[in-house]
Structures are given as C-alpha cells and as structure tokens.
Chemist: 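Just dropping this structure here.
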Amino acid sequence: MKRLLNIVVAVSSLALGVSLFAQSVPEINYDASADVISLPSFGEVAGVATNSKGHVFVYARTGHAVATLGDERTFYHGGSRLFQFDQAGKFVKEIGQGVYSVNFAQQVRVDPQDNIWIVDAGSNMIVKFDADGRLQMVLGRKPENITLRSGPGVPARQLDVKPEGGAAEGGRGGGRGGGAAPGSGINGDNFSRPSDVTWDRAGNIYVADGYGTNNRIAKFTKEGNFVKTWGQTGSGQGQFNQIRGIAADATGNLYVADAGNKRIQVFDGEGTFKSQITGIGTPQAICISGGATPYLFSSNSNDQESMDNGEIYKLRTTGQVVGKFGKAGRMAKEFGIVNAIDCRTEKDLWVGEIWNWRAQKVTLK
C-alpha cells in the first residue's frame with residue numbers, strides 16, 4: 001500500500017512538474033530599433049513586409065478617407081498609404097496613389113515572387129501589385145451602401161439596410177450568405193473587412209475574411225478564380241471568432257489566428273482541420289519564417305485601453321513554444337498593438353504597431 005502511495009505521489013509530482021514547465025516560457029533576448037525607416041506621413045502601421053531584396057513595405061492609416069459624390073454612388077478613397085523603403089531604410093516611393101481600394105489599411109504581404117499585396121478592410125478588397133508597383137489583380141468589391149447619420153444622437157446606419165431587428169438586404173459581404181450558417185459569408189470574394197492573405201506553393205490564394213460579419217477562409221486559384229470557402233462563427237473545429245491573421249508553411253498547412261477563441265487553428269489547403277495551438281494569449285499578427293527550420297511567430301497584442309500583454313511568441317510549427325519577447329509600451333523595444341509581423345528569417349523581424357505609429361526592426365539573439 002505504501003509503495004502504491006509513493007507511486008501515486010511520484011506520478012502526481014511528475015504531472016505537476018510538466019504543468020509548471022509548460023507554463024514557464026523562456027524570455028528571448030533581442031534588440032529593436034524604431035529609427036531604421038522614417039515614414040513620409042505618420043499613422044497607424046497596420047502592415048509591414050519585406051521582399052527578397054530586403055526592401056520594406058509599410059501600409060499605414062494616415063488620415064480619413066475622402067468621399068466623392070458620383071452619379072449613383074459615393075466613392076471613398078485615400079485614408080491610407082503604401083510606402084516602399086530600400087534595404088538601408090531610405091524612402092523609395094509610394095505605391096497605389098489614388099487607387100480606388102485604398103481606404104483603411106489592414107495588412108500588407110509580399111509573396112515568393114516579390115509581388116506586393118494589400119488587404120484593405122475599408123474597401124473589402126485584396127489588391128496585388130507586381131514588384132515594380134503596377135496593378136495586377138483585384139479581389140473583392142466596395143459595398144454598394146454607405147454609412148449615414150441622419151441626425152444628432154441617431155445611430156449611423158447604411159442606406160437600403162433595414163434597421164436593427166430586421167433582416168439586412170442580401171448584399172455583398174453579408175454574414176449569413178443568404179440563409180447559410182452565421183459567419184459563413186457568400187461564396188466568392190464577398191468580403192466583410194478581410195484581415196490577411198497568404199499563398200501555398202502552387203500559388204493558390206487564401207484570404208482571411210474575419211474582421212467583419214464573416215468568419216471564414218476563402219480559397220482562390222493563382223489566377224484569382226474562386227475555389228471554395230470554409231468556416232463560420234463559433235468555437236468548434238473549423239469555426240472562428242474574429243480571424244486576425246493567416247500564414248502558410250512550405251508543406252501547405254495553413255495557420256489561422258482565431259483571436260476570439262484564443263487559439264491558432266491549423267488546416268490543410270482544402271480546409272481540413274488538423275490541430276490547434278493554445279496557451280499563447282490572443283493571437284493577432286502571425287507569420288512563418290523561412291529557412292530549413294521554420295518558426296511560427298504570434299503576437300499576444302495588448303487591448304486598446306490596456307498595457308497588459310504585448311509579447312510576441314516564437315513557436316515551432318508543431319505548436320511547441322520556444323520562447324517570447326517584448327511587452328506593451330511606448331518606448332523602443334516595447335510594442336503597442338502589434339498588427340503585423342514580417343519574419344523572412346527566424347532572427348530578423350519587422351513589427352508593425354497600431355498604437356505607436358511605427359515599424360520596428362527586431363533582431364533576436
């Protein structure tokens with residue numbers, strides 16, 4: 001009996017030790033600089049990315065969009081700007097000036113061919129530019145309706161949309177997709193505040209459509225033709241609650257930052273659920289590094305009114321946590337609402353911050 005008791009105590013201690021070890025995340029030493037680049041116009045840095053030459057692209061919210069009255073519609077443009085810098089941090093040019101889709105910056109990514117992609121949550125569009133900044137492809141379309149406020153103290157609403165309590169018009173980007181499950185959206189590029197974009201080795205395009213009423217992933221061919229969609233609002237496998245980021249590894253697995261459910265879900269390219277990663281706070285910005293051993297980086301960004309959290313986790317693609325670095329703050333080496341991470345290597349990162357209106361270059365030791 002005594003021997004049995006000792007075994008139970010030993011097993012319990014081992015389990016406790018594993019639990020304590022799992023909760024102890026090593027701190028990663030790092031340096032950071034916010035002075036490598038100087039933005040021509042300052043604003044919230046929603047996206048930052050690099051190309052194969054080391055050039056840096058920053059998609060920033062630099063002001064309010066301008067409304068222009070057309071014959072039948074009101075056109076919103078401006079409000080965000082896309083900047084390019086060389087590898088030394090010198091300003092090169094602005095891309096997409098006057099482009100119809102540039103309203104409210106959400107993300108910028110650079111694909112393996114050095115094409116530049118912007119994700120704009122204001123226009124519900126994903127736009128592809130080539131390496132020289134020439135327009136190549138457009139996914140999505142601006143809503144037909146505009147938000148109005150009919151008087152002081154009266155909530156804003158959209159034209160031709162029934163007031164709260166009634167069914168919304170079956171328009172683009174709707175959350176129910178004409179009677180489908182909540183958050184499943186409509187087949188095709190009917191986005192509702194898309195948040196991110198990534199690609200597999202075949203060039204297929206995956207759009208995270210999850211900051212508005214939709215909670216889904218939409219897949220397109222490299223030519224931009226719609227293939228399929230998966231996901232809806234919820235907390236089960238393959239369900240989402242505010243998708244804030246998406247990244248793909250070299251084998252074609254997709255990592256989806258399911259912020260509302262405090263997890264990263266992993267799928268294959270057809271949307272089949274494979275696993276999930278938890279215990280890293282609320283994932284927002286994510287990226288997967290290059291190199292022989294890829295690593296997954298995920299920001300546990302602080303809330304808008306909070307100085308809590310703010311760290312960035314480094315993980316293996318299996319979900320094992322390697323370590324973390326950083327905290328919320330205003331100073332250098334601190335982070336304020338990290339909305340973008342670029343990680344071409346596991347040591348050299350760029351971090352885009354909403355709070356602090358900057359992109360920091362981070363070097364892990």
Chemist: Does this structure show an ion pair linking Asp86 with Lys90, if we count only N-O contacts that are shorter than 4.0 Å?
Modeler: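 Salt bridge absent between Asp86 and Lys90.
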
Chemist: Are Tyr313 and Asn300 close enough that a side-chain donor and a side-chain acceptor fall under 3.5 Å?
Modeler: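 Note: Tyr313 and Asn300 side chains miss the donor-acceptor criterion.
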
Chemist: Given Phe297, which partner from the list Ile286, Leu315, Leu364 fulfils the side-chain contact (heavy atoms from CB on, under 4.5 Å) test?
Modeler: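 Exactly one pass, corresponding to Leu364.
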
Chemist: Side chains of Phe83 and Ile37: closer than 4.5 Å at any heavy-atom pair?
Modeler: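 The answer is no, as the side chains (C-beta and beyond) never meet within the 4.5 Å cut-off.
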
Chemist: If you define the side chain from C-beta out and look only at heavy atoms, does anything of Asp268 sit under 4.5 Å from Lys274?
Modeler: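 In contact.
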
Chemist: For Tyr59 and Phe129, I'd like to know if the aromatic rings sit close, meaning centre-to-centre distance below 6.0 Å.
Modeler: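 Distance test on ring centres: not under 6.0 Å, no.
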
Chemist: Do you know the tightest heavy-atom contact between Asp303 and Trp355?
Modeler: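 The answer is O-CZ2, 4.1 Å.
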
Chemist: Would you say the side chains of Thr272 and Glu270 form a donor-acceptor pair under 3.5 Å?
Modeler: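 The answer is no; no qualifying pair exists.
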
Chemist: I would like to know whether Ser123 and Asn103 meet side chain to side chain donor-acceptor pair (under 3.5 Å); could you show each step before the answer?
Modeler: CA-CA 6 Å; Ser123 62; Asn103 282 188; 5.1 Å; no

Chemist: Just by modelled atom types, is the Ser192 backbone N or O under 3.5 Å from a matching donor or acceptor in the Asp209 side chain?
Modeler: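 Such a contact is found between Asp209 side chain and Ser192 backbone.
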
Chemist: Could you give all pairs that pass the side chain to side chain donor-acceptor pair (under 3.5 Å) test and reach residues 34-50, with sequence neighbours left out?
Modeler: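 Applying side chain to side chain donor-acceptor pair (under 3.5 Å) to every pair that reaches into residues 34-50, excluding sequence neighbours, yields Glu44-Arg61, Thr50-Asp342, Thr50-Arg344.
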
Chemist: Among Gln284, Gln106, Gln107, find the residue that satisfies the side chain to side chain donor-acceptor pair (under 3.5 Å) test when tested with Arg244.
Modeler: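 Running side chain to side chain donor-acceptor pair (under 3.5 Å) over Gln284, Gln106, Gln107 with Arg244 returns exactly one hit, Gln284.
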
Chemist: Does a side-chain N-to-carboxylate-O contact under 4.0 Å join Asp31 and Lys365?
Modeler: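 A salt bridge is present here (some side-chain N lies under 4.0 Å from a carboxylate O).
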
Chemist: Compare all side-chain heavy atoms of Ile246 with those of Ile243 and state whether any distance is below 4.5 angstrom.
Modeler: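 No. Closest side-chain heavy atoms not under 4.5 Å.
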
